[in-house]
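Remarks on the structure that follows.
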2 protein chains.
Amino acid sequence: MSDQPDIDRTDEEIITLLRQDARRTFADIAERVSISAPAVKRRVDRLQQEGLIVGYTAIVDHRRLGLPLQAFVELRFDGRTKVDDIASVAIGITEVETLYTTAGDPDAVALIRARDVDDLKRVIDLLRRSRHVTGTKTLMVLGTSEPPHGLRR
Amino acid sequence: MSDQPDIDRTDEEIITLLRQDARRTFADIAERVSISAPAVKRRVDRLQQEGLIVGYTAIVDHRRLGLPLQAFVELRFDGRTKVDDIASVAIGITEVETLYTTAGDPDAVALIRARDVDDLKRVIDLLRRSRHVTGTKTLMVLGTSEPPHGLRR
DNA sequence: TCTGAAAGTGCCAGAAT
DNA sequence: ATTCTGGCACTTTCAGA
């Protein structure tokens, strides 16, 4: 359970560049951070091994992939529910993009992607019928915006 | 504003593979989907051009990068607020990972990442003082879980 | 299929400890 | 002296036409 290993300015820059475009070449990164490509590769290998970089993913347009609807479903559980049981409500439901367990009024929040209203309804019903779930509240997402992604300190 | 272009099974597989690991080579993908590497490249180029693949990013461990706290901040706005004004509350606040505009009780939800409680407090205060914001409600995230990422239909 | 570019590896130099 | 990090040279693999 280590926490923050020694990350210098160059490591930060490399991470930022890879967050902006994960398919950048080492040579490209090397030029931007002013060290050689092999040196970049070694740093990236290290960052991965230390678990700072967990992986790389393609960002897709869900609308064009046939999942235009997005919603938060707040979940409330009965008092006996263990935290691990909470996480298990999402398993097998592919429409659940992320399940957040939370401290406070909703015990969890599921971020859903759905094809259409019927699909969304089906997913909500599935969640509502899950063991220990005592209630839900759904919040439709109209739009999202995020910063250019990478300048985060 | 086109929507769903012709995506065949191979395109879907390619997208899934790139979502699992965006740094996969065309040769690697080619082997897995049983076509040639140049054919994969052409498809990926097309998927990018059609806007199905928007970009590629590195997934980082925010805890180890010094941002261990995560929270939802529900935002309520006064009646005269335009939707575009809602999105603008997040600009300049690097701790806002995503701002969701929503239909219903909260008008928007900001997903926040913070260094520590003071940082979180600072961000919440910033949001509360934003123009048109009439109230907030904060929900701490205890944990997240997401499906292996890619099997989504 | 072919050419140039990038990835990946080994080796050595220099700096920091 | 040793450890860490970078550069260089080289081979293998990939990208792109």
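Bear in mind the structure is a predicted one, so any value in this text is a computation, not a measurement. Proteins get letters first, then strands, A, B, ... in listed order; numbering begins at 1 in each.
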Checklist outcome for this item: Sorted by chain and residue number, the salt bridge (charged side-chain N to carboxylate O under 4.0 Å, His left out) partners of B/Asp28 (sequence neighbours excluded) come out as B/Arg24, B/Arg32
Item to check | D/dC4 OP1/OP2 closer than 4.0 Å to side-chain N/O of A/Arg46 | outcome: no
Item to check | Between D/dG6 (C1') and A/Ile29 (CD1): distance, integer Å | outcome: 16 Å
Checklist entry - If the sugar-phosphate is the primed atoms plus P, OP1 and OP2 and the base is the rest, what is the B/S/- string for nucleotides 6-17 of chain C, using protein heavy atoms under 4.0 Å? => result SSSBB-------
Item to check | Qualifying salt bridge (charged side-chain N to carboxylate O under 4.0 Å, His left out) pairs, either residue in residues 78-94 of chain B, two or more places apart | outcome: none
Next on the checklist: Test of understanding: with salt bridge (charged side-chain N to carboxylate O under 4.0 Å, His left out), list the residues that count as partners of A/Arg122, not counting sequence neighbours.
Outcome noted: A/Glu95, A/Asp119
Show which side-chain atoms of residues 36-45 of chain A pair as donor or acceptor with protein atoms under 3.5 Å away, not counting sequence neighbours.
from	atom 1	to	atom 2	distance (Å)
A/Ser36	OG	A/Ala39	N	3.4
A/Lys41	NZ	A/Asp45	OD1	3.3
A/Lys41	NZ	A/Asp45	OD2	2.6
A/Arg43	NH1	A/Asp8	OD1	3.0
A/Arg43	NH1	A/Asp8	OD2	3.2
A/Arg43	NH1	A/Asp11	OD1	2.8
A/Arg43	NH2	A/Asp8	OD2	3.2

Checklist outcome for this item: Cluster membership besides B/Leu111, Ile/Leu/Val/Met/Phe/Trp/Tyr side chains within less than 4.5 angstrom, sorted by chain and number, is A/Phe72, A/Tyr100, A/Val109, A/Leu111, A/Leu139, A/Val141, B/Phe72, B/Tyr100, B/Val109, B/Leu139, B/Val141
